[in-house]
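First the structure, in the form of structure tokens, and then the observations on it.
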2 protein chains.
Amino acid sequence: MIETPYLLFLGDAPDQLSAKVAQGIKDWRPENAVGQFRMPGCAADVGLKDMTLAEAKEAGAKTLVIGVANRGGLISQAWKDVLIEALSMGFDLASGLHNLLAGEGDLVAASQVAGTTLHDVRVPNVQYPIANGKKRTGKRVLAVGTDCSVGKMYTALALDTAMRERGMNSTFRATGQTGILITGSGVPLDAVIADFMAGAVEYLTPDNEPDHWDIIEGQGSLFHVSYSGVTLALIHGGQPDALIICHEPTRKHMRGLPEYTPPSIEAVRDMALTLAQVANADCKVVGVAVNTQHMSDEEATAYLSEVEARTGLPSVDPFRHGAARLAEALENL
Amino acid sequence: MIETPYLLFLGDAPDQLSAKVAQGIKDWRPENAVGQFRMPGCAADVGLKDMTLAEAKEAGAKTLVIGVANRGGLISQAWKDVLIEALSMGFDLASGLHNLLAGEGDLVAASQVAGTTLHDVRVPNVQYPIANGKKRTGKRVLAVGTDCSVGKMYTALALDTAMRERGMNSTFRATGQTGILITGSGVPLDAVIADFMAGAVEYLTPDNEPDHWDIIEGQGSLFHVSYSGVTLALIHGGQPDALIICHEPTRKHMRGLPEYTPPSIEAVRDMALTLAQVANADCKVVGVAVNTQHMSDEEATAYLSEVEARTGLPSVDPFRHGAARLAEALENL
């Protein structure tokens, strides 16, 4: 668990896109951030108040979160000057970078001297159990994709917002680095050892109140040969009561796999449901979330109508239209 | 790669079953073992010549393989006395025990002094790539199970033997500790980090001659919620041309999961084939391997006839009848 609130470190971000972790925190958990910290040359701005470390400390910030990707895979000396100062002022640090904070001797030393904590969210810090498959109380919904990077995290976060707006009892459960930084906790599933993947998902979504929904962030795709095992561990460890199929209709091939054609929504629906019913015989597919960012408004509306007619399922773009209809489908389940 | 030939260490095995790794080596790769080493009180015997360390060294043994499970999860001082002497005489050590050799300071020290190697086959020693899904040359067959521990490794090893007997060009590819110790190499797939599982299987089964078959040892089951992700990584990383369904018909529930009923052969056949065709559209199911150890000869024969009639696939118990019909099915593919 990463202590909130955060100060968001944007460093010398070369462009807005490189700050997408910070943007995600600002968009989905604005109450978790008191401000942003930008260095000279920073080209990103997530719309929070610019603060010095001292101002953020004064405003109650507990953790400096690295909200930007680093260039060249190195943590530069310019970054380190700030990070070490922050550690010495009592900030914890949190990062999803490939280069681990714990691999940098000067950061480790500074945190030890100050008694502060380095959070590398890319690395599990729990010894997860082997899954036992026992039925848990409470309800769970999982986002499953036709491919990687089709909007599963976005859909889950939008669904969480829509469910709260309806007064439903829900928790977003992060399974990747960005989601963990946004919400402050979760399981970095792609870094878990094979035997413990499904157990990690069980650990993430324990027994809960009967009306509580865990909204589980999906990963990969059953049809993406590089990562499909991770997806199946989510389906079996999550024992979902409901699935939402996530799709990006303009993609020509599977992400990173030029030889592989994306599957249809129906193929993913049928395969995911059959597998999900191994762990939960009552599982249902309740909706389709389409990422229409590469379509005009008219194209998007027409495509969503077509999908809805084909599948009989509420079909929305959560970014354009919100996830209210998906939340409603869960409420009616 | 573990250097052969081996001396098989049976220690003070309490019974024959605890020496199943040594028995597997003796059964499947007798040419890999010069003899067995037994301590006072050893109740196991795999039928090899008893040798002292010096006799085995004289006979050319390169590696002392721990072919027995240890009691209480500890490597006893009595074992260590032998292991340290072996290291100092120039033997490498290989082990699939949960307690790692590399975690025992006295063994590490002895191997460093002698310049010998400790092989903990439970732990990957390679940085596997992320799977790229590219079509590879050569052919591959994968054993997929209705459950864990239904005879997938046995089937694969028996198939390897049968294919060699027919003059076919094949290699058994181990994906678990026992298989790795039997053949001296492989991938301990259950210990690989999630993102790299399918890539590890690609690494294990690289491009090969057009008529060469990799016989890939299966793990888990698509229907076993604890380990299904590992199974799917094998199906997608292995991009098999052929699947063999492995089944144990007397099992009442999935191994370790009292609430889960084993699936039918047909359910596994259909699910595994659909998923395998994502990576290899030409994949076929070519046979069924049934573990009939809990059936009489008559029951086994009747059951196999029934399965063969139901599925239209050659159905054999490789232990009772050998795997010749499965090899023939692959030859005819």
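Chain naming here is simple, since letters A, B, ... match the order of the sequence lines and numbering starts at 1 in each.
Considering only heavy-atom pairs separated by less than 4.5 Å from chain A, the leading option among B:Leu232, B:Thr261, B:Asp195 is B:Asp195. Of the listed residues (B:Thr274, B:Val201, B:Leu234, B:Leu275), the greatest number of heavy-atom pairs within a distance under 4.5 Å of chain A belongs to B:Leu275. The residue among B:Ala131, B:Ala267, B:Ala233 with the most heavy atom pairs within less than 4.5 Å of chain A is B:Ala131. In terms of heavy-atom pairs under 4.5 angstrom with chain A, the leader among B:Ala194, B:Ala191, B:Ala198 is B:Ala194. Annotation: maximal heavy-atom pairing with chain B below 4.5 Å, among A:Leu189, A:Asp190, A:Val278, occurs at A:Asp190.
Atom NE2 of B:His253 sits in a crowded spot, with more than 12 heavy atoms from other residues, nucleotides or ligands closer than 6.0 Å. Atom CZ of B:Arg269 sits in a crowded spot, with more than 12 heavy atoms from other residues, nucleotides or ligands closer than 6.0 Å.
Interface remark: B:Leu222 contributes backbone and side-chain atoms alike to the contact with chain A (heavy atom separation under 4.5 Å). Heavy-atom distances place the side chain of B:Tyr260, and not its backbone, under 4.5 Å from chain A. Heavy-atom distances place both the backbone and the side chain of A:Val230 under 4.5 Å from chain B. Of the atoms belonging to B:Gln219, not a single heavy atom falls under 4.5 Å from chain A.
The distance from the CD1 atom of A:Ile193 to the CZ atom of B:Phe196 is 12.0 Å, given to the nearest 0.5 Å. The structure places CE of A:Met197 at 11.0 Å from OG of B:Ser226, a figure rounded to the nearest 0.5 Å.
Here A:Glu259 does not pair with B:Lys135 in a salt bridge; the nearest charged N to carboxylate O distance is not below 4.0 Å.
Tested against A:Val225, the residues B:Gln239, B:His236, B:Lys134 include a single side-chain contact (heavy atoms from CB on, under 4.5 Å) partner, B:His236.
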